[in-house]
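Take a look at the structure set out below.
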Amino acid sequence: MAEEATEERGSLISHPQTTTNSTHSLYGSSSPHYRRSSRSGRLPTITLTTAEKHPEEPNNTASIMSKRQMFMFVMILMTSLSSSFTVGLFPPFYPKIAEQKGSTATEYGAIIGINCLVAFVATPFIGNHLSLIGVKFAYSMGLFGGGVCCALTGLLEFFPPGLQFLVFSILLKVVQAISNAMVVTASFTYTAAFFPNSVGKIFSVTRCVMNVAKLGGPMFGGLLYEFGGFVCPFVTFGLMQALLALLIGLTLPQLDFSDDEQDMKKKKEKVSVLKIFRIHTVWFSFLAFIVATLCGGMLSINLEPQVLRRFNFSPFYVGFFYGLRSGANSLAGPVWGWISDRNKTAVKPYLVVSAILVSGSFFLMGAGTAVGIYLEMTLPILVTSLCLNGAGISGQQVAGIMDALHEVGNAGYVDSPSTQGLVAGLWSSLSGLGRFISG
């Protein structure tokens with residue numbers, strides 16, 4: 001197998017006539033980063049090339065994706081939706097079964113929070129070694145591992161109370177967190193390879209899909225729970241994701257980082273987590289990641305007891321106002337992605353604007369009392385504050401990752417899908433840290 005892989009890579013380099021023609025669009029070239037092997041009977045190998053990464057767009061640019069880009073776009077959305085569904089099932093349904101097994105709130109709260117802690121530790125390592133692991137392998141196996149863990153979670157119902165239940169719960173969350181970290185890093189790398197000029201747009205759309213999954217996942221999971229008990233939603237969504245992983249493994253092209261590595265050797269610099277952390281200007285974005293998820297987590301915990309409870313809402317309206325914030329986040333995401341892609345060299349002002357929106361939302365919800373300003377909480381103020389909060393956090397995430405990519409490129413590192421995948425891994429890691437601290 002190693003000899004065949006070496007032979008195939010050699011054929012890609014020595015036969016330039018196999019290079020596919022680029023079809024330009026608003027999403028970038030349809031083949032901006034790669035050359036494709038023409039051998040039949042094998043999955044195509046995509047050799048990343050940094051020289052073709054940011055082609056100048058012609059004046060008559062088309063506004064549609066190529067077929068290859070559309071397929072990749074659909075796959076990214078499907079995997080984002082599936083992984084968000086499987087992760088979102090755990091918090092609403094696990095506490096009840098844990099209490100039945102004799103676990104305390106502290107114990108199952110720590111088990112839920114361990115997902116964020118493991119993501120914080122594992123994601124940078126995966127991003128740093130993605131070329132060694134393999135992008136396609138990380139993508140497909142991450143999905144498969146997450147799906148299997150979700151399905152096995154449904155079997156916790158049959159475990160006896162006590163230490164065995166807790167240990168198996170922790171192991172499942174650790175493996176699922178590592179699997180999701182692989183999916184996040186690999187999917188962003190594919191995004192950078194197929195949509196080099198529209199990373200912000202695609203990233204914002206995937207975040208929109210993830211927010212939709214946060215709303216719909218527990219709802220569909222609840223219906224399956226009523227139909228077949230605790231085991232039903234976990235096994236159903238888990239097996240669906242495992243099948244999706246098989247589809248990814250059979251259809252997606254390989255990504256070859258050989259050209260990236262050659263460019264890094266020429267510059268005598270290979271990007272790593274520690275080297276990115278040494279870039280002082282990138283911490284503006286990294287702190288935005290932490291603060292955004294920290295604010296979101298704190299609001300999720302305190303919104304009902306500190307704000308909504310005074311209105312005596314029914315459970316339906318409590319859920320509605322929680323969903324309103326996610327809805328605003330989803331709608332604002334593509335807007336932030338569009339303006340960030342249009343002005344990639346000056347994204348920091350958008351971070352400042354989004355931080356002001358989040359600060360304003362907390363001020364309207366009662367934070368102004370800390371400086372002696374008292375506002376009566378009314379329904380219009382509540383709706384406005386939640387919408388501002390969702391839109392602001394969305395801006396901090398989308399504009400933040402675009403600013404981080406820009407700063408890493410300015411530091412002299414090769415602007416390639418492997419580098420962008422590593423930055424995406426750090427985004428996921430630091431966001432996980434914010435969620436862990438807020439919990």
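The two residues S340 and W336 have their closest heavy-atom pair at OG-O, 2.8 Å. Considering all non-hydrogen atoms of both residues, V398 and S204 come closest at CG2-CB, 4.0 Å. Between S361 and L388, the shortest heavy-atom distance links the atoms CB-CB, 4.0 Å. Closest approach of L364 and T384 over heavy atoms only: CD1-CG2, 4.2 Å. When all heavy atoms are compared, the tightest approach of M377 to R310 is CB-NH1, 3.5 Å. Shown here for G366 and T369, the closest heavy-atom pair between the two residues is O-OG1, 2.8 Å.
Taking OG of S385 as the start and CG of L375 as the end, the distance is 10.5 Å to the nearest 0.5 Å. A distance of 9.0 Å separates CZ in R207 from CD1 in I393, rounded to the nearest 0.5 Å. Atoms SG and CG, on C150 and L172 in that order, are 10.0 Å from each other to the nearest 0.5 Å. Between the CG atom in L303 and the CE atom in M365 there is a gap of 7.0 Å [rounded to 0.5 Å]. Within the model, atoms CG of L287 and CZ of F289 stand 10.0 Å from one another, a figure rounded to the nearest 0.5 Å.
When side chains are defined from C-beta on, F277 counts as touching L426, because their heavy atoms get closer than 4.5 Å. Put simply, the side chain of L89 does not reach to within 4.5 Å of the side chain of F85, judged on heavy atoms. Using a 4.5 Å heavy-atom threshold, the side chains of S285 and I401 count as separate. S140 is not listed as a side-chain neighbour of L252, based on a closest heavy-atom distance of 4.5 Å or more. Inter-residue side-chain proximity for F286 and S429 is flagged as unmet; no heavy-atom pair is nearer than 4.5 Å. A heavy-atom distance below 4.5 Å is not found between the side chains of S431 and F120. By the 4.5 Å heavy-atom criterion applied to side chains, K201 and P334 are not counted as neighbours. Within the 4.5 Å cutoff, the side chain of M402 has no heavy atoms near those of the Y350 side chain.
With hydrogens and angles disregarded, no donor-acceptor distance shorter than 3.5 Å links the side chain of N329 to the backbone of R325. Although no hydrogens or angles enter the test, the distance criterion places a donor-acceptor pair under 3.5 Å between the side chain of Y190 and the main chain of P253. Without hydrogens or angle criteria, E99 side chain to T104 main chain gives no donor-acceptor distance under 3.5 Å. Under the 3.5 Å distance criterion, the side-chain polar atoms of T79 are matched with a main-chain donor or acceptor of M75.
For the 3.5 Å distance criterion, the side chains of S187 and Y139 fail to qualify, holding no donor opposite an acceptor. No hydrogens or angles considered: a donor-acceptor pair under 3.5 Å links the side chains of S169 and Y94.
Between F125 and H129, the ring-plane angle classifies as tilted under the 30° and 60° cut-offs.
Shown here is F144, whose CZ atom has no more than 12 heavy atoms of other residues, nucleotides or ligands within 6.0 Å.
The cationic atom of K275 (NZ for Lys, CZ for Arg) does not lie both less than 6.0 Å from the six-membered ring centre of Y413 and within 45° of the ring axis.
Among I276, L130, T189, T123, the single residue meeting the side chain to side chain contact (heavy atoms under 4.5 Å, CB included) criterion with L422 is I276. Screening L81, I76, V74 for a side chain to side chain contact (heavy atoms under 4.5 Å, CB included) involving M78 leaves a single residue, V74.
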Candidate pair V118 and K173, rule side-chain contact (heavy atoms from CB on, under 4.5 Å), full reasoning: CA-CA 9 Å; V118 173; K173 291 308 294 179; over 6 Å; no
Kindly indicate, with the supporting measurements, whether the criterion side-chain contact (heavy atoms from CB on, under 4.5 Å) is fulfilled by H406 and V347. CA-CA 9 Å; H406 174 67; V347 184; 5.7 Å; no
Go through it in stages, so that I can follow the logic: the residues are F195 and F73, the test is side-chain contact (heavy atoms from CB on, under 4.5 Å), and I'd like the CA-CA distance, side-chain angles, deciding distance and then a yes or no. CA-CA 9 Å; F195 307 95; F73 180 65; 3.9 Å; yes
Working note: T153 + F93, criterion side-chain contact (heavy atoms from CB on, under 4.5 Å); need CA distance, chi angles, decisive distance, verdict. CA-CA 11 Å; T153 300; F93 302 124; over 6 Å; no
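K348 has a carboxylate O that lies under 4.0 Å from a charged side-chain N of E407, or vice versa, which qualifies the two as a salt bridge.
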Let me have the donor-acceptor pairs involving side chains of residues 231-241, under 3.5 Å, with sequence neighbours excluded, atom names and distances please.
from	atom 1	to	atom 2	distance (Å)
T236	OG1	C232	O	2.7
Q241	OE1	S82	OG	2.9
Q241	OE1	S83	N	3.3
Q241	OE1	T86	OG1	3.2
Q241	NE2	L143	O	3.0

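The six-membered or imidazole ring of F168 lies near that of F159, with a centre-to-centre distance under 6.0 Å.
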